[in-house]
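For clarity, every value in this text was computed on a predicted model and none was experimentally measured. By convention here, the first residue in the shown sequence is residue 1.
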Amino acid sequence: MTGIEELLSSRIRDVADYPEPGVMFKDITPLLADPAAFGALTGALADIAVRTGATKIVGLEARGFILGAPVAVHAGLGFIPVRKAGKLPGATLSQAYDLEYGSAEIEVHAEDLSAGDRVLVVDDVLATGGTAEASLQLIRRAGAQVAGVAVLMELGFLGGRGRLEPALDGAPLEALLTI
C-alpha cells in the first residue's frame, strides 16, 4: 500500500449494518474532515484529470459533487453536476438506468457539455457501475468525449468494473483504493 492509500484508508470508517443489516458502509466523512487527507485525495484525483487530458469534470450526485468540485478547481477545469431527475432547471438531457431493485434517472444541463470537451467522471465509490455507466451515456449524447472515470474507492466484489468497461470504450477507470 502506498502512502496516499494508507492515509485515505485510515480515514474511511466502516459502519456495520448501514443502511440495512448485512451491509458494511464505507463512511468518507472522517476523510473529508481531515484537511491533509482531503487535500491528498483532491490532488490525486486532479492528477488523474490532467493525465487523461480532461477539460471538464462531471461529479455524480451527491458525494461526487463534494469530490469533483475541488478536483476541478485544483486542475483548473470546469465542473458539471450530474443530478437526479427533476433537480436541474432548464433544458436537460436525461438517462434512465437499472438498479438492483428498480430504476433511476440522472440529468445534466444540455448546454454544459460540447463536442470539444473531454470529460472525467469523479465519484466517491464505484459499486455496481450503473450510475457511472449512465453518466458516460449522457456525456456522449451531449457530444463530448469520455476522458475516463476516477473514484476514491472501488468495491471490487460488486462487479462494477466489468459492467463499466464496455461503456468506457478504452477510456481509463482509476480507483485510488480497491476494497
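- Contact record, P166 with G162: CD-O, 3.3 Å, taken as the closest heavy-atom pair.
- In plain terms, the two heavy atoms of L60 and S135 that are nearest each other are CD2-CB, 3.6 Å.
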Practice problem: List the steps, then state whether side-chain contact (heavy atoms from CB on, under 4.5 Å) holds for V149 with L136. | Solution: CA-CA 9 Å; V149 174; L136 299 180; 4.0 Å; yes
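- Panel note: side chain D17, backbone G22; a donor-acceptor pair is recorded below 3.5 Å.
- Nearest heavy-atom pair, I57 versus G68, reported as atom, atom and distance to 0.1 Å: CG2-O, 3.7 Å.
- Residue pairs satisfying the ring pair (Phe, Tyr, Trp, His ring centres under 6.0 Å) criterion with at least one member in residues 58-83, sequence neighbours excluded, are absent.
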Quiz item: How far apart are the C-alpha atoms of I106 and S94, what are their side-chain angles, what is the distance that settles it, and do they pass the side-chain contact (heavy atoms from CB on, under 4.5 Å) test?
Solution: CA-CA 6 Å; I106 56 173; S94 64; over 6 Å; no
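- Closest approach of G64 and D123 over heavy atoms only: N-OD1, 3.3 Å.
- When all heavy atoms are compared, the tightest approach of A49 to A75 is CB-CB, 4.3 Å.
- Judged as a side-chain hydrogen bond (donor to acceptor under 3.5 Å, both in side chains), the pairs with a partner in residues 148-167 (not counting sequence neighbours) are, in order, E133-R163, E154-R161.
- A donor-acceptor pair is defined here as one N or O able to donate and one able to accept, closer than 3.5 Å; such a pair exists between the side chain of D34 and the backbone of A36.
- Considering E105, E107, R141 as possible partners of Q95, the one that fulfils the side chain to side chain donor-acceptor pair (under 3.5 Å) test is R141.
- Within the structure, the ring pair (Phe, Tyr, Trp, His ring centres under 6.0 Å) test picks out the following pairs touching residues 9-55 (sequence neighbours left out): Y18-F25.
- Side-chain atoms of R13 do not come within 3.5 Å of backbone N or O of K26 as any donor-acceptor pair.
- Pairs of residues two or more places apart, or lying in two chains, that qualify as side-chain hydrogen bond (donor to acceptor under 3.5 Å, both in side chains) and include a residue from residues 57-73 are E61-R83, R63-D124.
- Within the model, atoms CD1 of I28 and CG of L41 stand 7.5 Å from one another, a figure rounded to the nearest 0.5 Å.
- Summarising the geometry of L152 relative to L31, their closest heavy-atom pair is CD2-CD1, 4.2 Å, with the distance given to 0.1 Å.
- Under a hydrophobic-cluster definition in which Ile, Leu, Val, Met, Phe, Trp and Tyr are linked whenever side-chain heavy atoms come within less than 4.5 Å, directly or via other members, V82 and L93 are assigned to the same cluster.
- Within the 3.5 Å criterion, the main-chain N or O of E6 finds no donor-acceptor partner in the side chain of S9.
- Residues S103 and Y97 have side chains that never bring a donor and an acceptor to within less than 3.5 angstrom of each other.
- Applying the side-chain contact (heavy atoms from CB on, under 4.5 Å) criterion to I4, with sequence neighbours excluded, gives T2, L8, A40, A44.
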Self-check item: Worked verdict on V121 versus I139 for side-chain contact (heavy atoms from CB on, under 4.5 Å)
Solution: CA-CA 9 Å; V121 176; I139 290 163; 3.5 Å; yes
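- The main-chain N or O of P81 is never found under 3.5 Å from a side-chain atom of H109 such that the two would form a donor-acceptor pair.
- Within the structure, the side-chain hydrogen bond (donor to acceptor under 3.5 Å, both in side chains) test picks out the following pairs touching residues 167-179 (sequence neighbours left out): R51-E174.
- In this structure, K56 contributes its side chain and D112 its backbone to a donor-acceptor pair below 3.5 Å.
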Exercise. For the pair L173 and L164, evaluate side-chain contact (heavy atoms from CB on, under 4.5 Å) and give the outcome as yes or no after the intermediate values.
Key: CA-CA 9 Å; L173 166 58; L164 200 54; 4.3 Å; yes
